[in-house]
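Shown next, in structure tokens, is the structure this report addresses.
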Amino acid sequence: MRKTLRTLGLATLAAVAVSACGPKYDVVIRHGDLIDGSGTPARRADVAIKDDRIVAVGIVDDRGREEIDATNQVVAPGFIDVQGQSGVTLLVDGNGESHIRQGITTEVIGEGGTPGLWTPENNDPQAIRQYAVKFDWTGFDGYLRALEKRGASINLGSFAPVAMIRQDVLDMQNRLPTPDELKKEEEILDRAMQQGSFGFATALIYPPASYTNTDELVALAKVAGKYGGIYISHVRGESFRVKEAIGEAIHIGEMAHLPVIVYHLKIGAKANWGRMGEIRTLVEDAQGRGIDITACQYPYTAGGSGLQASLPGCAQEGGREKMLERLRDPAQRARMRRDIEANTEVENLLAGATFEGVQIASVPPDKDQSVVGKRLSQVATERGKDGWDTLFSVLMENDGRVGALYHMMSEDDVKAAMQFPWVSVGTDSAAIKPDGELGRGQPHPRSYGTFPRILGRYVREMRVLPLAEAIRKMTSLAARQLKIAERGTLKEGYFADIVVFDPFTVVDTATFEKPHQYPVGIGTVIVNGVVTVRHGQHTGAHAGRALYGPGYRKPGGQ
């Protein structure tokens, strides 16, 4: 052995030593155009990963167990979905296919509902029944631990929504809480904050959240603020009363002394198009007064919700069964029509979209599927009825469980909001896939295409904003908004959530007519150091982790 070693050169000896020790890193991404999330332009750099962290950025000489050639590719931080809706679907399928394949590595849910606030008395029986979800946890942190234990490809955190808090205390009653009831609401939120909620969320056009007043919201926001939490809101109106609604959100942030995020910034209804500049002035004036208010956005001219959301709030009081009772009464239907036509509600989706703009996205699996994908106006023509009768009959035929898309925004307003430096990105969708129960219906294409649509359509094709700025919005801005530490930037010591994509081909392929289609151009997605998408295909890895808000207290005070 000694003779053999004496005959070897120094270079050969070094190679033998390295071979004996094995590769220094787990993964090395080489020769990519690195856009680090800060907003600075691309630079050529390698990225080395060890365990779940980025350990080197620059020229990396040592090898990795896996080497990824990113020549002519962009290497960026994993995208952060500020407004996800995958709380249930990740329990059904932890792969989170439609989200991870568009580069989303972190998602925060909780706009109107979260399994984190499920109780035996107040949960989602339809989801549990339809998807066979096993509800076997207690508490907000119990859900997060259960999801992590079952395995998910995406990091996930959650807000605590007022809808569920209120339903626990007041059910679906359209009234203000008594002082004792408000105290119970505050206690529920206080407990959720200690168990990991990112803050307090409101979806104020939907009952029972729409039954709140500003004072009730301020009181609850103060609870979230006590723990360093955030107030995030689908504001009370996004069309005819959008300025007043954003003004209310600003007021809540100012009174409760906490940051505010406006969900899916938009202006609905053709009569209001072109006012996005007024919204920018309103928000930036508030920022100038020291109020931390920002927003997120999805890059589409249609929103998505339930068809029942087009009804007045009074029609939905008491819950779904009470709503169906009213729909069966001709006098009540006539009243609903009068209220919608009078446009007295805080939000009026039907006035904004019209029957031509309302597209049916889903009905229950045991119901007539022939209406799915059609506009209400088309269904009305086929049935020989007017739009009102069609609206009411479709709801009754499907037990009030109808998903709908509302085509009501303008492309110019979408582009204007995208250029505001304080607007991040949210899908407002659940992670789904083209087959099985999660592939039913014609959902909003944002489930599959939100982030690549911005990169392909709005950055490359339309040049609405530079690529580095788009990446900043998708990563470090979102991390700052949500107070997520050590994610959102490609930086040594940060978690290794990384997306590698082709800037010349990346784009969404999902459409309103054919939504169940994955994007193209995203070859590699890494979550906490684990390659989860390789060559555009899911590897089956479930490296996602539960994310906890600033008030989190580990069980037992650890």
Side-chain angles (χ1 to χ4, degrees), residues 112 163 172-174 203-213 234-245 248 264 266-273 275 301-363 371 374-410:
M172 292 292 289
Q173 297 180 64
N174 185 1
L204 296 176
I205 73 167
Y206 306 116
S210 58
Y211 302 149
T212 62
N213 71 357
H234 176 156
V235 295
R236 213 177 285 271
E238 297 177 316
S239 53
F240 300 98
R241 298 165 183 84
V242 62
K243 289 183 68 175
E244 295 86 345
E248 181 187 38
H264 46 50
K266 67 169 74 79
I267 295 178
K270 189 172 183 178
N272 306 298
W273 291 355
R275 298 178 60 194
T301 57
S305 187
L307 187 60
Q308 85 285 347
S310 61
L311 300 180
C314 61
Q316 302 176 64
E317 184 179 353
R320 187 170 57 87
E321 292 302 326
K322 291 290 186 182
M323 178 189 76
L324 290 170
E325 286 180 19
R326 297 184 184 101
L327 283 168
R328 296 185 191 106
D329 182 346
Q332 291 285 346
R333 293 199 301 271
R335 178 189 173 186
M336 294 177 204
R337 175 176 177 173
R338 287 194 302 270
D339 287 349
I340 295 171
E341 289 180 325
N343 198 15
T344 56
E345 293 287 306
V346 291
E347 184 62 293
N348 191 329
L349 295 176
L350 190 58
T354 73
F355 295 118
E356 175 61 33
V358 179
Q359 181 179 355
I360 298 172
S362 65
V363 297
V371 298
K374 296 178 180 176
R375 307 292 179 105
L376 275 180
S377 56
Q378 180 183 351
V379 178
T381 299
E382 291 174 355
R383 295 183 175 188
K385 295 183 176 181
D386 68 10
W388 295 101
D389 286 339
T390 303
L391 167 66
F392 299 140
S393 63
V394 168
L395 281 168
M396 286 187 284
E397 291 162 8
N398 294 284
D399 302 325
R401 303 185 188 277
V402 183
L405 307 179
Y406 294 87
H407 298 264
M408 57 189 296
M409 287 92 80
S410 80

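Listed by first then second residue, pairs satisfying ring-ring contact (aromatic ring centres under 6.0 Å, His included) with a partner in residues 318-337 number zero, not counting sequence neighbours. Applying the salt bridge (charged side-chain N to carboxylate O under 4.0 Å, His left out) definition to pairs two or more places apart or across chains, none involves residues 301-329. Residue pairs meeting the side chain to side chain donor-acceptor pair (under 3.5 Å) criterion with at least one partner in residues 335-348, sequence neighbours excluded, are S239-E347, R337-E341, N343-N348. The salt bridge (charged side-chain N to carboxylate O under 4.0 Å, His left out) contacts involving residues 381-405 comprise K367-D399, K374-E382, R383-E397, where partners must be two or more places apart or lie in separate chains. Judged as a ring-ring contact (aromatic ring centres under 6.0 Å, His included), the pairs with a partner in residues 314-355 (not counting sequence neighbours) are, in order, F355-W388. Applying the side chain to side chain donor-acceptor pair (under 3.5 Å) rule to pairs touching residues 302-315 yields Y206-S305, sequence neighbours excluded.
Contact record, W273 with G268: NE1-C, 4.3 Å, taken as the closest heavy-atom pair. When all heavy atoms of G112 and A163 are compared, the closest pair comes out as O-CB, 3.6 Å. The minimum heavy-atom distance between E248 and L204, with the atom names listed, is OE1-CD1, 3.8 Å. The heavy-atom pair separating V235 from E238 by the smallest distance is CG2-CG, 4.1 Å. Across A309 and Q316, no two heavy atoms sit closer than the pair CA-NE2, 4.3 Å. The two residues S410 and T301 have their closest heavy-atom pair at C-CG2, 3.8 Å.
Of the inter-residue distances, the one linking I205 atom CD1 with R241 atom CZ reads 12.5 Å to the nearest 0.5 angstrom. Rounding to the nearest 0.5 Å places OG1 of T381 at 13.0 Å from CZ of R375. Distance check, rounded to the nearest 0.5 Å: CE of M409 to CG of N272 gives 12.5 Å. The structure places CG of L311 at 5.5 Å from CD1 of I340, a figure rounded to the nearest 0.5 Å. Rounded to the nearest 0.5 Å, atoms CG (L327) and CZ (F392) are 7.0 Å apart. In this structure, Q332 CD and C314 SG are separated by 8.0 Å, a value rounded to the nearest 0.5 Å.
The side chain to side chain contact (heavy atoms under 4.5 Å, CB included) search around T354 returns E356, not counting sequence neighbours. For Q359, the side-chain hydrogen bond (donor to acceptor under 3.5 Å, both in side chains) criterion is met by H407, not counting sequence neighbours. Every residue two or more places apart in sequence or in another chain that forms a side chain to side chain contact (heavy atoms under 4.5 Å, CB included) with A380 is listed here: T390. Considering only residues two or more places apart in sequence or on other chains, F240 meets the ring-ring contact (aromatic ring centres under 6.0 Å, His included) condition with none of them.
Looking at heavy atoms from C-beta onward, M323 lies out of side-chain contact with M172 at the 4.5 angstrom threshold. In this structure the side chain of V371 never reaches within 4.5 angstrom of the side chain of V402, judged on heavy atoms. Residues V358 and L391 fail the side-chain proximity criterion, which asks for heavy atoms closer than 4.5 Å.
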For the pair L307 and V394, evaluate side-chain contact (heavy atoms from CB on, under 4.5 Å) and give the outcome as yes or no after the intermediate values.
-> CA-CA 9 Å; L307 187 60; V394 168; 3.9 Å; yes

side-chain contact (heavy atoms from CB on, under 4.5 Å) between R236 and T212, worked out | CA-CA 10 Å; R236 213 177 285 271; T212 62; 3.5 Å; yes

